[in-house]
Amino acid sequence: MPKPILLSVDDDSDVLRAIERDLRSQYGKDYRVIGSDSPVGALELLKQLKVRNDSVALLLADQRMPNMDGVGFLQAATQIYPEAKRALLTAYADTTAAISAINQANINYFFMKPWDPPSEHLYPQLDDLLEDWQAAYRPAFQGIRVLGTRWSPKSYELRDFLARNHVPYQWIDVESSANDAETKRLMEALGPESGELPVVLFPDGAKLLEGTPAQVAEKVGFRTHSETTFYDLAIVGGGPAGLAAAVYGASEGLHTVIIEREAPGGQAGMSSRIENYLGFPAGLSGNDLARRAVVQAKRFGVEFLSPQEATGVRIEGPYRIMTLADGGEISCHALMIATGVQWRRLDAPGVDKLQGAGVYYGGGTTEALSCKDEIVYVIGGANSAGQAAMNFAKYAERVVILVRGSSLSSTMSQYLIDQIKETPNIQIWAHASVIEAHGDTHLEEISVQCADTNKIERVPATSMFIFIGALPRTDWLAGTVERDDRGFILTGPDVMSNGQRPKGWQLDRDPFLLETNVPGLFAVGDVRHGSVKRVASGVGEGSVAVQFIHQYLSKV
Ligand SMILES: Cc1cc2nc3c(=O)[nH]c(=O)nc-3n(C[C@H](O)[C@H](O)[C@H](O)COP(=O)(O)OP(=O)(O)OC[C@H]3O[C@@H](n4cnc5c(N)ncnc54)[C@H](O)[C@@H]3O)c2cc1C
């Protein structure tokens with residue numbers, strides 16, 4: 001935690017040096033002592049300190065300075081740091097003027113030059129001022145701060161990225177906190193840059209204007225380039241299946257890398273509460289599960305490249321070579337595809353335009369708090385929708401689950417149906433489909449078609465979370481890896497046709513259970529044709545596949 005600052009301003013360099021020396025010798029252990037020889041420069045410096053979220057305990061200025069006198073400086077500085085104690089340095093001749101200025105300008109104290117000995121004429125009074133300041137001092141937040149607006153898709157994307165990657169940050173909604181004095185001061189200190197939202201402020205003073213997840217990832221030191229170009233095992237996708245494979249692979253000595261496009265945890269990372277994963281009787285959030293798995297994998301030496309996307313694959317003899325979105329390549333002996341599924345889009349007018357501005361796909365755990373006392377619409381009837389509804393119900397005035405069928409019973413687990421029944425602020429709207437989203441800058445209304453009456457109802461809505469099933473995105477594997485007509489990857493017995501091994505298969509054995517039509521290329525979890533779409537089954541497949549990989553590697 002950086003120490004609070006004592007700032008002294010004097011155009012006379014000898015006096016400035018003397019005051020800095022005396023302040024440092026007495027207070028250097030607990031405070032940072034900074035000096036400036038110009039009041040204008042000192043005001044600029046204060047703005048920079050405000051943007052960095054540094055605390056200033058004391059402003060000490062000489063009264064007689066060219067361009068701006070001490071009182072003028074302290075008055076201007078109060079606009080930036082109102083809580084800092086303010087003191088003047090004056091010559092004997094200026095005492096009367098200083099006293100009247102003190103009364104008018106709300107200055108806490110004045111010191112006469114020279115102040116020798118400081119033990120009598122400086123420290124006792126400063127001790128008093130600083131004790132007073134300490135009593136009201138609350139250390140400022142020291143992590144990353146994101147300034148933006150609730151309805152900005154770019155702000156949402158950034159917050160979602162930081163939250164899913166477990167990077168602590170403070171969110172400052174500059175619209176809803178527009179009347180907050182501290183937000184105003186921060187925006188003023190930023191000047192014209194405050195218009196380039198979202199603004200990301202880092203504790204070292206760096207800032208990103210209109211920051212993107214990729215820029216933030218680079219700044220916080222996420223690794224997106226591999227340490228070497230060759231691995232025993234490369235895994236695409238850091239969901240439960242990929243993470244489990246990484247833990248087992250690396251713990252059994254395989255040099256392993258994971259390539260993850262968004263954030264480790266995958267779909268599970270978006271779940272507010274997983275209650276059916278073995279060993280966690282009270283349930284745990286997907287974020288927590290992902291965080292634990294990442295720590296475990298790193299402990300065994302797994303390398304994470306994230307955010308990074310695999311965009312192509314080719315086979316060269318025993319090598320499986322993957323192309324990455326940044327143009328780089330990674331070569332490996334065994335390649336595992338664990339890319340899961342992505343949300344199916346809701347095909348209705350207005351939905352695409354308002355995505356990130358009231359319309360969200362998936363859990364939207366970052367949004368839950370913003371929906372306080374509002375009506376939230378959850379679209380879909382599967383477990384993911386049920387979990388999200390339970391989470392939003394903690395904050396929202398009312399949660400409405402819109403389902404096309406007559407009830408949740410055929411699509412949702414009974415434990416969730418029971419929880420929903422017992423939650424008074426969740427309502428089910430059956431036989432209903434959203435056919436349009438309305439709003440200019442953010443969602444304002446939705447049109448809902450009721451299948452039983454065939455009527456269209458237009459209702460006010462600020463947030464709509466869509467959970468209407470998911471599909472794999474595996475186009476980048478086309479031509480190399482066999483997939484079904486929906487893009488799910490075929491493995492094991494599914495790549496055999498009438499007892500015949502896949503085309504081009506040259507090994508003297510059938511493909512292993514989780515192996516594709518390419519030897520040494522495996523698929524696990526939700527992306528696999530016929531898989532059970534659950535955390536535990538993904539984890540199971542990822543772990544089991546490593547056994548097949550050992551067998552494969554023993555003959556490469
Ligand atoms: C909101 C929600 C709640 C759920 N709740 C439960 C529950 O309570 N219990 C339960 O058992 N299951 C639950 N599920 C289902 C469970 O999360 C999934 O079955 C599980 O996450 C699948 O794991 P996976 O590793 O196969 O794929 P995913 O979790 O989908 O992970 C795939 C990962 O691959 C990455 N990726 C995709 N393409 C690329 C590429 N080209 N390059 C790099 N990376 C890529 C993605 O970004 C993603 O992180 C829930 C799902 C959701 C969405």
Side-chain angles (χ1 to χ4, degrees), residues 160-161 164-165 213 224 234-246 257-278 280 283-287 289-290 293-294 304-313 322-326 330 335-344 360-365 378 380 382-392 412-413 415-416 419 465-477 481 487-489 514 522-528 531-543 545:
D160 194 50
F161 172 79
R164 290 180 57 200
N165 280 286
T224 55
I235 301 165
V236 189
L243 287 169
V257 65
I258 284 195
I259 295 104
E260 167 54 51
R261 187 175 50 197
E262 292 165 13
Q267 295 168 73
M270 296 178 204
S271 168
S272 48
R273 187 140 221 92
I274 299 170
E275 300 202 47
N276 54 3
Y277 189 57
L278 189 72
F280 295 89
L284 85 168
S285 74
N287 224 329
L289 181 68
V294 169
F304 280 80
L305 305 189
S306 174
Q308 181 61 272
E309 182 173 1
T311 52
V313 65
M322 211 170 8
T323 349
L324 305 176
D326 67 357
I330 281 185
L335 176 59
M336 180 177 289
I337 310 297
T339 48
V341 288
Q342 279 78 48
W343 293 110
R344 214 155 54 77
Y360 308 96
Y361 287 92
T365 35
V378 170
N383 280 1
S384 48
Q387 283 179 8
M390 287 299 298
N391 187 38
F392 291 129
M412 199 178 281
S413 296
Y415 81 91
L416 270 171
Q419 288 179 7
F465 295 87
I466 305 170
F467 300 81
I468 53 167
L471 285 172
R473 267 196 250 149
T474 50
D475 290 351
W476 60 283
L477 297 166
V481 178
F488 288 97
I489 299 175
L514 300 166
F522 296 78
V524 291
D526 282 13
V527 73
R528 200 177 64 77
S531 61
V532 178
K533 310 287 184 277
R534 288 283 184 268
V535 175
S537 46
V539 167
E541 288 188 11
S543 326

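Note that ligands are numbered from 1 as they come in the structure, with each ligand's atoms numbered from 1 the same way. Heavy-atom basis, side chains included; hydrogens, waters and symmetry copies ignored.
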Subject >> Atom of Leu416, atom of Asn383 and distance for their closest heavy-atom approach >> reply: CD1-O, 3.5 Å

Original post:
For the residue pair Phe488 and Leu471, what are the closest heavy atoms and their distance?
Top reply: CE1-CD2, 4.5 Å

**OP:** On the 0 to 90° scale, with breaks at 30° and 60°, tag the Phe467-Trp343 ring pair as parallel, tilted or perpendicular.
**Re:** perpendicular

Original post:
Non-hydrogen atoms of Gln308 versus ligand 1: any pair closer than 4.0 Å?
Top reply: yes

Original post:
Between Asn165 and Ser306, which heavy-atom pair has the shortest distance, and what is it?
Top reply: OD1-OG, 4.2 Å

Subject >> Heavy-atom proximity to atom 32 (C) of ligand 1, best of Ala536, Ser413, Gly238, Ala338 >> reply: Ala338

**OP:** Taking all heavy atoms of Pro472 and all of Gln342, pick out the closest pair and write down the distance.
**Re:** C-OE1, 4.3 Å

Subject >> Smallest separation among heavy atoms of Phe465 and Gly362, with atom names >> reply: CD2-O, 3.8 Å

Subject >> Identity of the nearest option to atom 53 (C) of ligand 1, non-hydrogen atoms only, from Trp343, Tyr361, Trp476 >> reply: Trp343

**OP:** Check each atom of ligand 1 against the heavy atoms of Val341 and keep those under 4.0 Å away; list them by number with element.
**Re:** 30 (O)

Original post:
Which one of Leu324, Thr339, Val539 has a non-hydrogen atom at the shortest distance from atom 38 (N) of ligand 1?
Top reply: Thr339

**OP:** Could you see which bit of Thr311 sits under 4.0 Å from ligand 1, with heavy atoms only: side chain, backbone, both or neither?
**Re:** neither

Subject >> Any Ile259 heavy atom less than 4.0 Å to ligand 1 >> reply: yes

Original post:
Taking atom 7 (C) of ligand 1 as the point of reference, which of Arg261, Arg534, Arg528, Gln387 owns the nearest heavy atom?
Top reply: Gln387

**OP:** Show which atoms of ligand 1 fall inside a sub-4.0 Å distance from at least one heavy-atom site of Gly266.
**Re:** 29 (O), 31 (O), 48 (C), 49 (O)

Original post:
If you count the atoms of ligand 1 from 1 in the order shown, which ones are under 4.0 Å from a heavy atom of Gly525?
Top reply: 26 (O)

Original post:
Has ligand 1 got any nitrogen or oxygen that is less than 3.5 angstrom from a nitrogen or oxygen of Arg164?
Top reply: no

Original post:
Looking at Arg528 and Lys533, what are the two nearest heavy atoms and their distance?
Top reply: O-NZ, 4.0 Å

**OP:** Mind checking whether Ala263 contacts ligand 1 via backbone (N, CA, C, O), side chain (CB onward), both or neither, at a 4.0 Å heavy-atom cut-off?
**Re:** backbone

**OP:** For ligand 1, indicate whether the residue Pro240 contacts it via side chain, backbone, both or neither (heavy-atom separation under 4.0 Å).
**Re:** both

Original post:
Given Met322, Glu260, Arg273, Glu262, which one has a non-hydrogen atom that is nearest to atom 47 (O) of ligand 1?
Top reply: Glu260

**OP:** Mind checking whether Gln342 contacts ligand 1 via backbone (N, CA, C, O), side chain (CB onward), both or neither, at a 4.0 Å heavy-atom cut-off?
**Re:** side chain

**OP:** Going by heavy-atom distance to atom 41 (N) of ligand 1, choose the closest among Ser271, Ala325, Ala310, Gly286.
**Re:** Ala310

Original post:
Taking both backbone and side-chain atoms of Gln267, is any N or O found less than 3.5 Å from an N or O belonging to ligand 1?
Top reply: yes

**OP:** State whether the shortest distance between N or O atoms of Ala268 and N or O atoms of ligand 1 falls below 3.5 angstrom.
**Re:** yes

Original post:
Is it the side chain, the backbone, both or neither of Val236 that has a heavy atom closer than 4.0 Å to ligand 1?
Top reply: side chain

